[in-house]
Q: 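Structure in structure tokens, see below.
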Amino acid sequence: MTTTRRLLVAALLGAAAFAGQAAAQAFPTQQITMVIPFAPGGPTDVVGRLLAEVMGRDLGQPVVVQNVGGAGGTIGVHRVVQARPDGHTILYTNIGIATQPTLYRRLPYNPLTDLEPFGLVTPTPMIISVRPNFPGTTLADFLAYARERRDGVNLANAGLGSASQLCGTLLQAQLGINFTTVSFTGSGPIFPQLIAGNLDVYCDQTTSSLPFVREGRIRGLAMATRERLPQAPDIPTTAEAGLPGFEVSIWHGMYAPRGTPRPVIERLNRALRVAIQDPTVVARLNDLASPPEPLERVTPEAHRAFLEAEINRWRPVLQAAGQYAD
Ligand code: MLT
């Protein structure tokens with residue numbers, strides 16, 4: 001390279017770095033849109049709104065939730081992938097982002113290269129619940145019913161590529177039964193149908209199911225956890241209730257589009273760390289059995305490494321189940 005070209009490249013790199021820093025110093029200059037790739041009222045929405053409020057206070061601009069449901073969350077994720085990478089559009093979503101690359105063989109994005117993860121948020125246990133008028137009160141009752149009715153059992157999920165779909169897939173694989181699955185755009189629209197008795201069973205996160213179980217509007221049969229939860233001590237674990245080894249925990253994270261300047265990512269990460277340490281947020285998350293992640297996991301680096309490990313972890317499991325979107 002000639003000296004003139006070298007000077008030109010150095011000048012261009014310097015200008016790009018300066019532009020990134022200037023953008024970060026000014027950031028945010030307008031309201032931030034937090035895309036939730038599921039319908040209102042579900043676990044992602046409930047926790048996303050909690051975080052959005054505190055992050056907005058910390059950032060000095062409102063963080064406004066936009067629900068973009070459909071196709072198991074992939075439509076909302078794609079919306080963020082395509083957004084301007086300036087930090088004013090972010091994504092809050094769950095483990096589904098790690099199952100979608102296997103389930104969708106023509107997925108229009110790669111979570112690892114098209115997004116900038118900026119922090120893990122909360123691990124959430126799953127609970128198996130049935131409609132309130134289900135003829136039985138225990139998981140053993142449900143298992144007997146399921147073995148007799150097989151595809152006559154209606155299992156809800158929030159679409160192929162959602163957390164509930166993953167849990168339902170694992171449940172069916174463990175039982176060796178294919179239920180009739182009914183897909184929605186999120187957990188929010190599922191609950192009225194489950195409460196009304198139009199669906200039989202749902203495996204969902206405690207953050208949305210637990211309040212309905214506590215109110216007696218749905219029947220929580222088993223927690224897919226190793227130990228009973230102090231937040232719901234009367235609900236047995238899956239192992240206690242007849243499904244040994246069936247443990248499912250869901251994780252969540254926040255993302256910006258690829259190309260968002262590093263200083264902006266760091267600012268968003270700081271706001272997220274403030275939010276997950278906020279006493280009101282901590283109390284609410286703990287009450288819903290979904291505590292904040294330890295701070296060492298709330299970094300872009302830890303999140304990216306975990307995302308990659310999770311994509312690799314679920315690929316063979318889902319390939320064995322053989323369910324694809326195309
Ligand atoms: C899921 O199954 O991924 C979630 O329950 C969807 C939602 O947050 O509504």
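It should be emphasised that the depicted structure is a prediction, and the values quoted were computed from it without experimental measurement. When a ligand or atom number is given, it counts from 1 through the structure's own listing order.
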Q: Within the structure provided, determine whether Phe142 and Phe134 are in side-chain contact (heavy-atom separation under 4.5 Å).
A: yes
Q: I want to check a possible cation-pi pair here: Arg297 against Phe306, using under 6.0 Å from ring centre and within 45° of the ring axis as the test.
A: yes
Q: Using a strict 4.0 Å threshold on nitrogen-to-oxygen distance, state whether Arg270 and Glu266 make a salt bridge.
A: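 No, this pair does not count.
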Q: Within a 6.0 Å radius of atom CZ on Arg284, are there more than 12 heavy atoms belonging to other residues, nucleotides or ligands?
A: no
Q: Just jot down the ligand 1 atoms closer than 4.0 angstrom to any heavy atom of Ser162, in number order.
A: 1 (C), 2 (O), 3 (O)
Q: For Ser187, is at least one N or O under 3.5 Å away from an N or O on ligand 1?
A: yes
Q: If you count the atoms of ligand 1 from 1 in the order shown, which ones are under 4.0 Å from a heavy atom of Gly186?
A: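 Near Gly186, the atoms of ligand 1 are 9 (O).
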Q: Taking all heavy atoms of Pro132 and all of Ile195, pick out the closest pair and write down the distance.
A: CG-O, 3.3 Å
Q: Decide whether an N or O pair under 3.5 Å exists between Ala39 and ligand 1.
A: no
Q: Looking at Ala158, which atoms of ligand 1 are within less than 4.0 Å of one of its heavy atoms?
A: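 So the atoms of ligand 1 that pass are 1 (C), 2 (O), 6 (C).
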Q: Could you identify the single nearest non-hydrogen protein atom to atom 2 (O) of ligand 1 and state the distance to 0.1 Å?
A: Ser164 OG, 2.6 Å
Q: Identify, for atom 1 (C) of ligand 1, the protein heavy atom at the shortest distance, and state residue, atom and that distance.
A: Ala163 N, 3.4 Å
Q: Check for me whether the distance between the ring centres of Phe118 and His303 falls short of 6.0 Å.
A: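 Not under 6.0 Å, so no.
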Q: Taking only heavy atoms of Asn94, which atoms of ligand 1 are found under 4.0 Å from at least one of them?
A: 1 (C), 3 (O), 4 (C)
Q: For Gln231, does the CD atom have more than 12 heavy-atom neighbours from other residues, nucleotides or ligands under 6.0 Å away?
A: yes
Q: Run the contact test for Pro43 against ligand 1 with a 4.0 Å cut-off on heavy atoms, strictly below, and give the result.
A: yes
Q: Can you tell me the protein heavy atom closest to atom 8 (O) of ligand 1 and the distance?
A: Thr44 OG1, 2.5 Å
Q: For ligand 1, which atoms have a heavy atom of Asp204 less than 4.0 angstrom away?
A: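 Checking each atom against Asp204, I get 5 (O).
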Q: Determine, for Arg214 against Asp287, whether the closest basic-nitrogen to carboxylate-oxygen distance falls under 4.0 angstrom.
A: yes
